[in-house]
Protein chains: 2
Amino acid sequence: MTTDARTPLSRERVLHAAVALADEHGLRAVTMRRLAEELDAEAMSLYYHVAKKEDVLDGIVEVVAQEINETVARLEKGPDWRQTARRRILAARQVFLRHRWAPALFETRSSTSLGVLKYYDSLVGLMHEGGFSHNRIHHALHALGSRALGFSQELFDPSAGASAEVPPELAAQLPNLVGMLSEITHDDPDSTLGWCDDQAEFEFGLDLILAGLDLLRER
Amino acid sequence: MTTDARTPLSRERVLHAAVALADEHGLRAVTMRRLAEELDAEAMSLYYHVAKKEDVLDGIVEVVAQEINETVARLEKGPDWRQTARRRILAARQVFLRHRWAPALFETRSSTSLGVLKYYDSLVGLMHEGGFSHNRIHHALHALGSRALGFSQELFDPSAGASAEVPPELAAQLPNLVGMLSEITHDDPDSTLGWCDDQAEFEFGLDLILAGLDLLRER
DNA sequence: ACCTGAACACCGTTCAAGT
DNA sequence: ACCTGAACACCGTTCAAGT
């Protein structure tokens, strides 16, 4: 995973090691000391290449954002703004499926990333060509929220256990929720970004919003 | 803010002190040592009343969730499911406006909260009465995401500076975004939950989704 | 039953010093 | 120019000891 121990450190090496570490052991494993270890260096050495830990976190958001932009750049345009946007968003999602720690991080610090801004810039351009006013586009970005980037925020925690296993004394207090959950099955566990954000659910919400936006455009 | 120094500690006092501390100085100020200080005790004393820090965080989510449920319980029903849901969601939002640190925390750990589950349970019940199948409701909750609870996730960071102040060398790389932002003004700075999640934007996205869902129900 | 002092393992970070 | 050892202030947490 890490390159030769003799390779000198660099901001880029530090950031890529951080992404790899997060991919393998989660974001919590990314400490300055652990990261240095991964690079066969001392924690203090990192400070020559990055300002502080926040800078590392900003940096790995940037790395992931670039990965998204490269993926999106390879896509062909669809027949209309909506299809094109949909394709891009679902492609971005694939990148997050490779970096499952990233949604949580993006939610706190995506504004610092030039790559994220470029992604949005391109989306704004697409919608503007597609007939939306800037004001509408602004609204649209809000309506989409993190869906514009390919993930939806998790309101339930994956670690809390499966849906059906609600303890009986709790179930009595939550009759409607338990009733609903007993009827629901999730389609594809491999496509999950968290507990409940699987591909089918993500697309449902995305399409609902894109359709709603498209109606507004035509008025 | 804190009660008499003689008042014995309790889980409840600890949690309420934690909420007050987060309200005043942010979630980062909530450390075991600082929290103890606030209660005129030693950090180690807290461990008699809470298991660990995670337990404190779960607990303050619960406190806020209860606040939401109490607020919602006082509301009258609207003419239909959609109006009622809208009222509840906007009322929940008011609670988050008093606890601006809470959205970020809810996004990571709301599943542990009985109060949050009760909120959802009631929403599921409302929609079921309103003519939705459980399967549709499940989809609907996904489509709404955190909006069901009254906030939308922030993709941009409030600390990063105002929208118009994009440095010129950056602006050249982001023509569409800069074009958009130059036309946009946010309506009401007081209603903001973060950089861009103000009341008007929140309602736009919420109504778009509620309208889309309502159409599905009628089919 | 409730609270605390001392101690441990772990953070991020600074700074003077090494090559 | 690049890396490091020692040190600091701060975490969460344990545990034996106090009342």
Side-chain angles (χ1 to χ4, degrees), chain A residues 1-22 24-63 101 104-105 108-109 112 157 159, chain B residues 1-22 24-63 101 104-105 108-109 112 157 159:
Chain A
M1 187 110 321
T2 44
T3 338
D4 189 317
R6 285 281 98 81
T7 317
L9 290 177
S10 67
R11 183 179 160 83
E12 210 188 344
R13 272 196 76 207
V14 170
L15 297 183
H16 278 89
V19 168
L21 188 54
E24 235 183 313
H25 296 101
L27 199 56
R28 304 186 54 177
V30 181
T31 71
M32 297 303 274
R33 283 171 163 92
R34 178 78 190 269
L35 186 51
E37 202 180 309
E38 218 74 17
L39 291 158
D40 287 313
E42 300 302 315
M44 307 77 206
S45 311
L46 303 180
Y47 286 89
Y48 193 82
H49 300 95
V50 296
K52 42 200 206 121
K53 192 184 176 183
E54 294 275 291
D55 188 25
V56 174
L57 296 178
D58 288 343
I60 62 180
V61 165
E62 192 63 41
V63 169
W101 46 271
L105 193 63
T108 56
R109 55 197 332 114
T112 356
D157 190 312
S159 63
Chain B
M1 185 114 321
T2 45
T3 338
D4 189 316
R6 283 285 96 82
T7 317
L9 291 177
S10 66
R11 182 177 162 84
E12 211 188 344
R13 273 196 73 207
V14 171
L15 297 182
H16 279 90
V19 169
L21 188 54
E24 235 182 313
H25 297 102
L27 199 56
R28 302 186 57 174
V30 182
T31 71
M32 298 303 274
R33 283 171 162 90
R34 177 79 190 269
L35 185 51
E37 201 180 311
E38 217 75 15
L39 290 158
D40 286 314
E42 300 302 316
M44 306 78 209
S45 312
L46 304 179
Y47 286 90
Y48 193 82
H49 300 95
V50 296
K52 42 201 209 121
K53 194 185 175 182
E54 294 275 291
D55 189 26
V56 174
L57 297 178
D58 288 342
I60 62 180
V61 166
E62 192 63 42
V63 169
W101 46 272
L105 194 62
T108 56
R109 51 192 342 109
T112 357
D157 189 313
S159 62

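Just so we're on the same page: letters track the sequence lines, and every chain starts at 1.
As judged by a 4.0 angstrom heavy-atom cut-off over every strand, Thr31(B) is placed among residues touching the sugar-phosphate backbone only. Residue contacts for Met44(A): at a heavy-atom cut-off of 4.0 Å it reaches a base atom on one of the strands shown.
Judged by distance alone, with hydrogens and angles left aside, the side-chain atoms of Arg13(B) form a donor-acceptor pair with the main-chain N or O of Thr7(B) at under 3.5 Å.
Under the Watson-Crick or G-U wobble criterion, with both distances below 3.5 Å, dG5(D) is paired with dC15(C). In this structure, dC10(D) forms no base pair with any nucleotide, since neither Watson-Crick nor G-U wobble geometry is met with both distances under 3.5 Å.
In terms of phosphate contacts, Tyr48(B) brings no side-chain nitrogen or oxygen within less than 4.0 Å of OP1 or OP2 of dC3(C). For Lys53(A), a side-chain nitrogen or oxygen approaches OP1 or OP2 of dG12(C) to under 4.0 Å.
Counting all heavy atoms, side chain and backbone alike, Leu46(B) lies closest to Met32(B) at CD1-O, 3.3 Å.
Atom-to-atom, CG of Asp40(A) to C1' of dC2(D) comes out at 16 Å; the value is rounded to the nearest Å. Remark: P of dC11(D) and NZ of Lys52(B) are 18 Å apart, rounded to the nearest angstrom. At whole-Å resolution of the value, CG in Leu46(B) and C1' in dT4(C) are 11 Å apart. Straight-line distance from the CZ atom of Arg28(B) to the P atom of dC10(D): 14 Å, rounded to whole Å. Atom-to-atom, OH of Tyr47(B) to C1' of dT14(D) comes out at 9 Å; the value is rounded to the nearest Å. For the pair Leu39(A) CG and dC2(D) C1', the interatomic distance rounds to 15 Å; values are reported in whole Å. Atom CZ in Arg34(A) sits roughly 9 Å away from atom P in dC11(C) (whole-Å rounding).
Residues Asp55(B) and Tyr47(B) have side chains not in contact (no heavy-atom distance under 4.5 Å, counting atoms from C-beta outward).
In the set dC3(C), dT4(D), dG12(D), dG12(D) carries the atom at the smallest distance from any side-chain atom of Met32(B). Taking every side-chain heavy atom of Arg33(A) into account, dC11(C) is the closest of dT13(D), dC3(D), dC11(C). Here the side chain of Glu42(B) is nearest to one of dG5(D), dC3(D), dG5(C), namely dG5(C).
A salt bridge does not link Glu37(A) with Arg33(A): none of the charged nitrogens is closer than 4.0 Å to a carboxylate oxygen.
The CD atom of Glu54(A) sits 8.5 Å away from the OG1 atom of Thr108(A) when rounded to the nearest 0.5 Å.
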